Amino acid sequence: MPVHNSEIATIFDHVADLLEIEDANRFRVRAYRNAADTIRDLGRSLEDMLEEGADLSDLPDIGEDLADKIAKIVRTGQLPLLEEISDDVPEAIVKATRIPGIGPKRARALFKALDLSSVDDLRDAAEEGDIAEIEGFGEKTQTRIRKELKEGVIEDERLRLDVAEDFAAPLMEWIRNIEGVSKAEIAGSYRRRKETVGDLDILVQGEDGSAIIDCFTEYDEVEDIASKGKTRSTVTLRSGLQVDLRVIPEPSWGAALYYFTGSKSHNIAGRRRAQDRELKLNEYGLFDGETRIAGATEKEVYDGIDLPWIHPVLRESRGEIEAAENGELPELVESEDIKGDLHAHTTASDGKNSLKEMAQVAQDKGYEYLAITDHSKSQTQAGGLSEDAFHRQVDEIAELNDEFHGFRLLASCEVDILEDGRLDFPDKLLERLDLVVASVHSKLDLSEDKQTERLIRTMDNPLVSIIGHPTGRQIGERKAFALDMEQVLAAAKDRGCVLELNANPIRLDLKDVHCRLAAETGVDIAISTDAHSTGGLDNMRYGIDQARRGWLAAENIVNTRSWGNLSKMLRRT
DNA sequence: GCCGTTTTCGGCCCGACTGTTTTCAGTCG
């Protein structure tokens with residue numbers, strides 16, 4: 001049974017959540033979280049490593065105990081420890097900790113004091129005013145719980161794209177190897193590269209539908225088979241991910257791919273165009289009366305409704321059909337356009353690899369440059385550097401650069417934005433750097449006006465090159481902070497400041513629509529990984545997908561330029 | 001639970017804020 005790194009990491013994170021609620025030793029809790037981080041960033045399959053006889057306790061933050069536990073998970077798919085503590089802690093308490101301001105301690109106290117057992121119980125208690133009556137809780141907490149539950153923050157079941165990929169890749173390999181399968185593709189929001197997916201829509205082409213579906217449902221990770229026929233099957237994987245498989249005849253392949261890729265509103269627009277031409281478009285093809293006139297390829301289908309092929313990332317009914325009609329579809333940025341990464345951490349702050357190791361991997365990727373952006377001093381929890389330590393790092397980078405050919409490390413810093421928009425480091429230090437990334441890490445709950453003013457104030461400083469993860473959101477974890485994006489973009493345009501598209505699949509911050517708005521406003525974007533390890537540099541592709549969903553071309557992205565050009569662009573003084 | 005070592009156990013990140021209470025525990029980044 002294949003066990004993925006992300007599953008193991010999720011198990012460890014879950015153990016940490018439960019231990020925290022049980023008030024376990026906080027360092028033990030952190031050990032599980034650290035191990036989960038290491039596993040997620042690994043880039044190699046733990047299962048493969050075990051097969052090769054590797055000693056997992058050689059990995060950072062993995063000792064003998066956790067190495068054993070990993071082996072156990074790989075062997076059995078389960079961790080007995082997790083089963084044990086899950087029995088003691090209701091899942092609803094874990095969910096309650098996703099409410100801002102409610103941590104493990106208060107969640108437990110809440111459930112105990114009111115004898116609750118579900119999220120619905122919690123909602124009722126908040127509505128009836130019971131929570132404010134508990135010692136240590138008050139009106140504000142109660143109002144907040146009520147509001148967060150109303151917004152459904154803790155019920156969102158969509159999977160992040162990177163997590164879905166982790167399950168999709170081996171499943172697709174399995175499907176492509178089924179006898180008689182000549183083609184297989186994932187459609188739906190996965191193909192559109194949306195930041196989260198609800199389920200996987202898989203299309204296959206092949207001869208014997210029943211046989212293919214029989215084989216599909218025998219996949220190791222299938223836990224539940226909801227339906228199973230000659231052309232279609234729906235299953236749920238062990239991870240909870242729902243998968244729909246459809247067997248498509250060759251003449252309908254393109255039409256089905258078009259139909260199941262969506263989005264729904266893009267499809268509706270396509271069908272309307274067909275109607276206007278007295279044709280009918282469905283998942284089987286484009287029909288003139290009873291005669292199929294197109295359907296084998298997507299291009300054929302688009303041709304039939306007088307449009308050029310439209311890239312899946314654009315199919316959101318955001319003007320792509322009009323643009324296609326007028327020959328104005330964007331020339332989307334490609335991975336090959338990227339010449340470097342402008343946001344990365346090292347062991348100096350909270351990264352896992354050294355300057356040298358990060359530089360080596362960046363060079364292996366063919367980059368011309370990599371900006372080292374360790375945290376500034378107020379990020380104490382992330383090992384933020386003192387001013388002295390920063391000066392030393394700049395010197396160290398200069399020395400290292402003497403050894404490189406056709407590549408350079410850029411001396412930079414992810415400097416904290418203080419509450420009033422000023423920076424955590426003096427200009428005198430920042431002047432020494434090749435560029436400056438400024439980010440908000442504190443005071444996330446300011447009013448929209450204050451937060452907007454804060455960022456604009458930051459951009460007033462001409463030493464600031466790039467605003468890092470501009471809205472602070474973390475998908476499924478934390479909402480974006482309140483911000484008037486149009487004002488921020490206008491100010492960035494005025495000041496020649498660049499906004500980051502953080503490529504970490506947890507952040508993808510800016511959102512696609514904001515990327516597009518930026519381009520329309522004339523604000524340039526930096527696609528940066530915010531890598532905390534060499535493996536983290538691979539996240540660039542998620543940023544590129546997101547940029548493409550925002551209609552961005554290479555010319556909108558600053559790190560498609562060589563350092564010579566880029567350094568001139570970033571200089572605002 | 002990991003790590004580093006003074007190889008057997010102590011230290012592990014910590015300052016600021018919030019809502020509550022009136023001196024601080026819990027949460028957050």
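What's counted below: heavy atoms across the whole structure, side chains too, no hydrogens, waters or symmetry copies. Order of the sequence lines fixes the chain letters, A, B, ..., with proteins taken first and strands second; residue numbering starts at 1 for each chain. Not measured: the values here are computed from a predicted model.
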Quickly work out the [X] [atom1] to [N] [atom2] distance and round it to whole Å.
X: A:I39; N: B:dG1; atom1: CD1; atom2: P; result: 14 Å
X: A:D17; N: B:dT27; atom1: CG; atom2: C1'; result: 15 Å
X: A:L446; N: B:dA16; atom1: CG; atom2: C1'; result: 14 Å
X: A:L81; N: B:dG1; atom1: CG; atom2: C1'; result: 11 Å
X: A:I70; N: B:dG1; atom1: CD1; atom2: C1'; result: 12 Å
X: A:D350; N: B:dC28; atom1: CG; atom2: C1'; result: 15 Å
X: A:K377; N: B:dG15; atom1: NZ; atom2: C1'; result: 14 Å
X: A:D424; N: B:dA16; atom1: CG; atom2: P; result: 12 Å

Interatomic distance at [atom1], [N] relative to [M], whole Å:
N: B:dG1; M: B:dT6; atom1: P; result: 25 Å
N: B:dT20; M: B:dC28; atom1: P; result: 14 Å
N: B:dC17; M: B:dG10; atom1: P; result: 35 Å
N: B:dA16; M: B:dT21; atom1: P; result: 25 Å
N: B:dG19; M: B:dC12; atom1: P; result: 31 Å
N: B:dT8; M: B:dC14; atom1: P; result: 27 Å

Looking across every strand, which nucleic acid part, if any, lies under 4.0 Å from [X] by heavy atom: base, sugar-phosphate, or nothing?
X: A:R478; answer: sugar-phosphate
X: A:N25; answer: base
X: A:K69; answer: sugar-phosphate

Note to self: Would B:dT20 be called syn or anti here, given the cut-off of 90° from 0?
What the structure shows: anti
Checklist line | Residues A:R408, A:D434; criterion salt bridge (Lys or Arg N to Asp or Glu O under 4.0 Å); working and verdict | finding: CA-CA 11 Å; A:R408 62 180 283 168; A:D434 290 311; 3.3 Å; yes
Next item on the list: Scan nucleotides 18-26 of chain B nucleotide by nucleotide, 5' to 3', and note B when protein non-hydrogen atoms come under 4.0 Å of the base, S if they reach only the sugar-phosphate, - if neither.
Entry: SSSS----S
Next item on the list: At under 4.0 Å between heavy atoms, which parts of nucleotides 2-9 of chain B does protein reach? Answer with one letter per nucleotide, 5' to 3': B base, S sugar-phosphate only, - none.
Entry: SS------
Compute whether any side-chain donor of one residue and acceptor of the other, for [X] and [Y], lie under 3.5 angstrom apart.
X: A:T452; Y: A:D484; value: no
X: A:N5; Y: A:D166; value: no
X: A:N539; Y: A:T529; value: no

Check: Considering every strand shown, what is the Watson-Crick or G-U wobble mate of B:dT8 when both distances are under 3.5 Å?
Finding: none
Check: Mind checking whether A:F390 and A:F425 have parallel, tilted or perpendicular rings, split at 30° and 60°?
Finding: perpendicular
Next item on the list: Mind telling me whether A:H469 and A:H441 have parallel, tilted or perpendicular rings, with 30° and 60° as the class edges?
Entry: perpendicular
Margin query: Are there over 12 heavy-atom neighbours, none belonging to A:R457, within less than 6.0 Å of that residue's CZ?
Written below: no
Note to self: Regarding A:D395 and A:R432, does a basic nitrogen lie under 4.0 Å from an acidic carboxylate oxygen?
What the structure shows: yes
Notebook entry, point to check: Do the charged groups of A:D65 and A:K69 touch, with an N to O distance under 4.0 Å?
Noted result: yes
Notebook entry, point to check: Donor-acceptor pair, A:R478 side chain versus A:I475 backbone, under 3.5 Å?
Noted result: no
